[in-house]
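We count residues from 1, following the sequence as given. Whatever order the structure lists them in is the order used to number ligands and atoms, beginning at 1.
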Amino acid sequence: MGRLAWVAIGILASVLVWQQLGFAWGLVAALAVVVAYLSTQLAQLSRWAQRPLKRPEQDSIWRRDALRIGQSLRSARARARRFASVLRQMRRTADSIPDGLVVVRGAGEIEYFNQSARRMLGLLQSDRGKNLFALIRDPDVQALLAGGGEALVEIDSPVTAGARIEMRRVKLQEERDIVIARDVTELNRLLTLRRDFVANISHELRTPLTVILGYLESLTEEKLGKAQRQAAIAKLERPARRMQALAEDLLTLTNLESSPYPDDSKVTGVVVDGVLQAVVEEARNLSGGKHDISLESDATLAVEGVFEEIYSAFHNLVSNAVRYSPNGGHIRVRWMRRAEGAVFEVSDEGVGIAAEHLSRLTERFYRVDFKSARVRGGTGLGLAIVKHVLRRHGSVLQVESTPGEGSRFWFLLPHIEAVKSCSEASEAR
Ligand code: ADP
């Protein structure tokens, strides 16, 4: 109904009632029509306010003001929704950061923290409003919160035994700081590894260098006879070879570590029987006839891999068996077909290895007995090389050993048939 219709109804109703019941009742009737009109207008306005933004259906007395109020209400609601969505997005972003973030106020009152901080520092939702120092009882954290400006400390993880957490405080606003927590356990481990590695290399090089320098000094003595001079020169060979072997093994290891897989262009079908014949020959030379070395090898079994790497793995294991076995010991080298694949095995009757050392044998420069390993020769890198070669060829080194009785090193490799592999390899080339 339009406004004019309402006016007509109002006049008609008030005149009729006035004539029938008197002036006062006529006035009441007019007021009743006005109230009814206003109620329909209000109902229309509230219906419109619930719906998407569009002009009121009919021209109304509230029209202009209602439109303005409605629009500002709607844009305020849209702004609040946008703000809430941005906030949610920021929270999600902060939660996906691997570093822990804690926003603290004043002396350390926790205002906000992300998921990583919760995990790293063991914080709970209920910890908001509590003091960070009271929760992580570490004097370094107190110093961090007390000091002015940017600060950095490293503490034991309050959650994981043995883990280390680095905490950095950065000024956010006048009253607020942000504390950034980072798990530095792995970084510390790598730094220690690097430090140990450098220290080990220096140590390994110092011994042969000292020997070489000693003999070089003696060679400068004028009174030295020809025979003595030649003997001193001959003595230089052993430490020089030791240094050469160390340099070669280090280079091999670096190359192996540079990629988890061998370069495709270097992969061929390797007939292991041929490799083992050569490796055992070398082992017999190293032994000088002091050990009984036997070889059982299935000549039909080949593997796909890098020839030099496979040779080096077999060579290291067989030469270790010789070096760690007393004279007269029997060393058995086997390459055989099994249901699961081809198995290489070298067993000896040597010094053996105590159980607590077994898991660390393939670490670089790890030796069960430093003094005896030096005397027996070797660079301390042999088993590390074997581990990496096997990893690149999809295998893992296994060791069983009993101190004083001997050791068995073995691994499994996926194999191919030797004859096929050779012809395919030569066709490919
Ligand atoms: P190294 O050059 O010192 O022999 P490796 O990496 O080849 O270095 O071996 C690491 C350590 O493992 C050796 O120092 C030795 O203590 C132990 N080991 C390796 N092979 C044998 C074996 N067949 N018998 C006893 N101990 C062994």
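At a 4.0 Å heavy-atom cut-off, ligand 1 does not touch His357 at all. With a 4.0 Å cut-off on non-hydrogen atoms, Val368 touches ligand 1 through its backbone as well as its side chain. Residue contacts with ligand 1 for Val351 involve side-chain atoms from C-beta outward but no N, CA, C or O (heavy atoms, distance under 4.0 Å).
When hydrogens are left out, the protein atom nearest atom 23 (N) of ligand 1 is Asp348 OD2, 3.0 Å; that is the closest non-hydrogen contact. What sits closest to atom 14 (O) of ligand 1 on the protein, heavy atoms only, is Arg367 CG, 2.9 Å. Of the protein's non-hydrogen atoms, the one nearest atom 2 (O) of ligand 1 is Gly380 N, 2.7 Å. Residue, atom and distance of the protein heavy atom nearest to atom 4 (O) of ligand 1 are Tyr324 OH, 2.7 Å. Annotation: atom 12 (O) of ligand 1 to nearest protein heavy atom, Leu361 CD2, 3.4 Å.
For the pair Arg284 (side chain) and Ile293 (backbone), a donor-acceptor distance under 3.5 Å is present. In terms of modelled atom types and a separation under 3.5 Å, the side chain of Asn114 and the main chain of Asp99 share a donor-acceptor contact.
Here atom 26 (N) of ligand 1 lies nearest to Ile353 when heavy atoms of Leu381, Asp369, Ile353 are compared.
The aromatic rings of His315 and Tyr311 lie parallel to each other, their planes meeting at an angle below 30°, with 60° marking the opposite boundary.
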